[in-house]
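Accompanying notes for the structure given below.
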Amino acid sequence: MTAPSARAGAGRDDVLIELRGVSKGYWRGRQLVPVLSDITFDIRRAEFLALMGPSGSGKSTLLNLIAGLDHPDHGSIEVEGEDIAQLGEVDLADWRAANVGFIFQFYNLMPVLSALENVELPLTLTSLGRRERRDRAQLALRLVGLGDREKHLPSELSGGQQQRVAIARAIVTDPTLLVADEPTGDLDRRSAEEALAIMQRLNEEMGKTIVMVTHDRRAAEHAKVIMHLEKGELSGRVEQRHG
Ligand code: ADP
Ligand code: MG
């Protein structure tokens with residue numbers, strides 16, 4: 001353990017992810033179309049960050065870099081001192097499996113697997129025994145309020161319930177970081193509020209660091225901090241107070 005920083009504000013120990021000079025573009029024919037240009041910011045431990053911005057502004061691109069799904073063209077992304085931008089595909093995949101839980105707009109559940117089997121899936125990549133995997137998956141399902149839906153197939157669940165199964169799947173490996181790309185984009189208001197309340201609890205009670213992309217202002221209200229992405233550039237942090 002290192003001593004806490006004496007400086008005011010966020011000390012280094014409070015920072016989970018440091019992005020420095022991150023740029024990313026996509027090739028269109030022979031032209032590199034810039035999407036993110038020289039992005040520099042920190043994500044603190046146990047932060048719940050909402051990334052907002054117009055469609056096409058690069059929110060998903062940025063989220064995918066933070067989650068280690070893609071490499072930046074330039075810059076570094078240090079997570080607990082390790083620059084994930086420098087990792088090769090295999091190491092990056094291992095890093096993701098150990099550290100990141102994913103929540104998508106359309107849930108991405110396996111249609112032929114039950115709710116419990118879907119939640120258990122990320123654990124089949126670990127060395128845990130069958131019994132332990134089952135116990136953890138059951139616990140995660142109970143945490144999202146679906147302990148009584150273990151045997152249901154995704155098609156037998158509402159959209160809101162499917163997203164809660166997806167949240168359980170995202171946390172079953174106990175990752176440090178949760179990333180969510182428009183998690184409420186396909187949900188009605190009530191289901192959206194339920195999913196957001198669960199994410200808020202995971203943040204506040206279990207200390208999960210969450211980065212959520214959304215263009216829904218009401219969804220962003222659940223986060224602790226809001227940042228805006230526009231024309232490849234990120235604007236300052238707006239801290240939120242919850243009642
Ligand atoms: P957002 O999530 O804010 O809507 P994206 O990050 O998905 O924005 O996309 C930003 C820009 O990058 C868009 O112009 C999009 O067309 C382009 N883009 C995203 N992914 C790719 C890709 N894999 N190949 C080429 N262009 C892409
Ligand atoms: Mg997107």
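Every number for a ligand or one of its atoms is a count from 1 in the order of the listing.
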Does atom NE2 (His71) have a neighbourhood of more than 12 heavy atoms from anything else shown, all under 6.0 Å? yes
Interatomic distance, Ile167 atom CD1 to Leu202 atom CG [nearest 0.5 angstrom]: 7.0 Å
Does Glu80 come within less than 4.0 Å of Arg45, counting only side-chain N to carboxylate O? yes
Expected contact list for ligand 1 at under 4.0 angstrom, heavy-atom basis, is Tyr26, Val35, Pro54, Ser55, Gly56, Ser57, Gly58, Lys59, Ser60, Thr61
So that I can check it, does any N, O or S atom in Ser60 come closer than 2.8 Å to the Mg ion (ligand 2)? yes
So that I can tick it off, tell me whether Glu47 and Lys224 are bridged by a salt bridge, with the cut-off set at under 4.0 angstrom between side-chain N and carboxylate O. no
More than 12 non-hydrogen atoms from neighbouring residues, nucleotides or ligands closer than 6.0 Å to CZ on Arg189, yes or no? yes
Does atom CD of Gln31 have more than 12 heavy-atom neighbours, drawn from other residues, nucleotides or ligands, at distances under 6.0 Å? no
